[in-house]
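Structure, as structure tokens:
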Number of protein chains: 2
Amino acid sequence: MRTFVAAADAGQFQEAAAALSITQQAVSKRIATLEKDLEVRLFTRTARGARLTIDGQAFLPHARELLRVAERADASIRPGRRALRVDVVNRRTAPAVLLQDFHRAHPDIELDVVTLSLDAYVDAAIAAVEAGTIDATFRAVPPRQHVPDGIRTDHVINESHELLVGPRHPFANARAVAPAQLTGHRIWMPGLDDRGEVTDYYDELVAAFGLRIDVVGPVFGNETLLDEIADSADLATLVGESSRYLWPDSYDLRRIPIRNPTLIYPMSLIWRDDNPHPALNKFRDYLDSRRPDPTDAGVWMPTWDRRAV
Amino acid sequence: MRTFVAAADAGQFQEAAAALSITQQAVSKRIATLEKDLEVRLFTRTARGARLTIDGQAFLPHARELLRVAERADASIRPGRRALRVDVVNRRTAPAVLLQDFHRAHPDIELDVVTLSLDAYVDAAIAAVEAGTIDATFRAVPPRQHVPDGIRTDHVINESHELLVGPRHPFANARAVAPAQLTGHRIWMPGLDDRGEVTDYYDELVAAFGLRIDVVGPVFGNETLLDEIADSADLATLVGESSRYLWPDSYDLRRIPIRNPTLIYPMSLIWRDDNPHPALNKFRDYLDSRRPDPTDAGVWMPTWDRRAV
DNA sequence: TACCCGTACAACATTTCGTTGTGGCTCGCT
DNA sequence: AGCGAGCCACAACGAAATGTTGTACGGGTA
């Protein structure tokens, strides 16, 4: 591909060969092989060079695109020059929205959004940051969480919860609900088991408001969950407010804000203080510009104190 | 790349090897080479297979994208299965807009928009259609134009002209102008020389309204032209209405509609009747749904009768 | 502890790839 | 018209790569 593009740009094989530091014959051979593989003539050879055929013209932009993608693929992992790699717990939460917005604001900055395998507790994520395999991660950082030297955390997101219900649910037409009203109602959050700080959060939430959260059943994927909730008259689930920007509205589901108090899930950015990646500072600046309001009244946040459970 | 993706999907080299019809050792070698080239470990080898590292996870989507692009590149020219290839005279005219819209309406249909070299008259374009190197082209087809058997034409576009002027031009603030008002004004259309039916059109236009069209000077590119017009108090040029959807508004240029009569440039789609490409019919259906109004009053169209000049 | 499964390493055969050498074609100059 | 310059294709050879078979190593598991 590189040879094809070089030859197309140069208009002749000889010059392309020079640019690639190989012989003209090698270029000729490469192009011939490509033409044989594609079963199409790409150049018309003349005495004064080689001009693209129609097929060649049609192929050229694809070839360039391929080289661009290859370049980006390489840049995404080559140590020392790779894209900024940020971990999010999952792609339907506030950090993902934030990263999308950041990308819109700075399209030139290469980003890689990864999701560490599901058994990653804060500790595992912090270890990954420390090891340098990821540049940053968004996590809830309980006060008692041990943070090694050289690792910094910054509380940059307050994600508030909404109740997601189907049209037949008692709260389907409510403008808002208070956590106290949820007492006795079933809240279904499959897959919410054994996940470190996340379960700690919901344990504390349950204890604080007398909620009933079911975690039964395996996770068959998001569509199944939404389907069941849409059909049910008593199932509900909690989702982050940001997910409204990430889901299609295809199901007949209602999002009911939760008020008095609002249920906040706090998240911090975690990164290595000595990470020299230039994009990291830009990302932190961006987060700074959207920092959540200082906690005010009407808001519930976890204490993350095990004794509260 | 294919091997990497296969191994990532399979979770083990052995199975990937089977899928690729090579030995496990070959897969191992390929992955090892890739890792060496990238200077990054992509898999952690375990006794029960190979799992992606963080780096591998970050790389995977890029690898998939590369394969997709390669697939599309191949599809764009492989005879018998290639994308629908449509020629437009240049990428700033109505056909280009139409193709964009069509692509939005049918994102699944692969399109290749090409531009035949500039010396291509209708005859050359028709020959290209006949030879099958392009599936269709948009051209003005004068009534006297010879069209071979098996080639069909359909008048699907009426592009109306607008006058493009800088802020100091006398018409800069006009809501509209009539062709008669343009008598004596300089209209600059560099590059408009020796272009077959296109020049015929403007020749007839000049004769009909006593216009003065300058074609002096080489074409240095669009930016230069726009620059000069923006700066000049008496230069103007004619552009198609559709170009408003294709140009940025970065220059301080005014588009003045031309009325009484509107100046129409008619264009037809030209294709081979026996072209079996499935996308061709869909494209024609689409064009049908946007067919221009039957010519009504207040419109000027060329007769393309040489004697009129 | 003995296997089973999966990966890595080694040696060898085969294919691919790049180089040098050469011929043929076309354009432009004399 | 003849000749030289410039460019591409084909042939032959050596080097590098790639794939295969054979084998060793290591971690789960019965």
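The shown structure was predicted, so the numbers you read here are calculated from the model rather than taken from an experiment. Just so it is clear: chains get the letters A, B, ... in the order the sequence lines come, proteins before strands, and each one is counted from 1.
Counting non-hydrogen atoms under 4.0 angstrom, Gln25(A) reaches a base of the nucleic acid.
For Gln24(B), the side-chain atoms get nearest to dT7(C) when compared with the rest of dT7(C), dT21(D), dT18(D). Side-chain atoms of Ala47(A) lie closest to dG6(D) of the nucleotides dG6(D), dC8(D), dT20(D). Among dG6(C), dA11(C), dG27(D), the nucleotide with an atom closest to any side-chain atom of Gln14(B) is dG6(C). Comparing atom distances between the Arg48(B) side chain and each of dT29(D), dT20(D), dT26(C) picks out dT29(D) as nearest.
Rounded to an integer number of Å, the gap from CD of Glu35(B) to P of dT7(C) is 12 Å. Ile31(A) places its CD1 atom 14 Å from the P atom of dC10(D), with the value rounded to the nearest Å. When the C1' atom of dA8(C) is taken as reference, atom CZ of Arg41(B) falls 10 Å away, rounded to whole Å. A straight line from CD of Gln12(B) to P of dG28(D) spans 15 Å, rounded to a whole angstrom. If you take CZ of Phe13(A) and C1' of dT26(C), they are 16 Å apart, rounded to a whole angstrom. When the P atom of dC17(C) is taken as reference, atom CG of Leu34(A) falls 12 Å away, rounded to whole Å. dC5(C) atom P lies 20 Å from atom CZ of Arg51(B), rounded to whole Å. Distance CZ (Arg30(B)) to P (dA16(D)): 21 Å, rounded to an integer number of Å.
Put simply, the residue from Thr153(A), Asp87(A), Asp123(A) that forms a side-chain hydrogen bond (donor to acceptor under 3.5 Å, both in side chains) with Arg139(A) is Asp87(A). The only option from Leu42(A), Thr53(A), Val40(A), Val5(A) that meets the side-chain contact (heavy atoms from CB on, under 4.5 Å) definition with Phe59(A) turns out to be Leu42(A).
Between Gly11(B) and Lys29(B), the residue whose closest nucleotide on DNA chain C is further toward the 5' end is Gly11(B). Summary of the strand contacts: Ser28(B) and Ala26(A) both lie near DNA chain C, and taking for each the nucleotide with the nearest heavy atom, the more 5' one is attributed to Ser28(B).
The aromatic rings of Tyr265(B) and Tyr201(B) stand perpendicular to each other, their planes meeting at an angle above 60°, with 30° marking the opposite boundary.
Close to dG19(D), at under 4.0 Å from its OP1 or OP2, lies no side-chain N or O of Thr23(B).
With Glu65(B) contributing its side chain and Ala73(A) its backbone, the two residues share no donor-acceptor pair below 3.5 Å.
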Q. Are Glu110(A) and Arg78(A) close enough, and set up right, to give a salt bridge (Lys or Arg N to Asp or Glu O under 4.0 Å), and what steps lead you there?
A. CA-CA 13 Å; Glu110(A) 302 263 6; Arg78(A) 167 81 18 105; over 6 Å; no
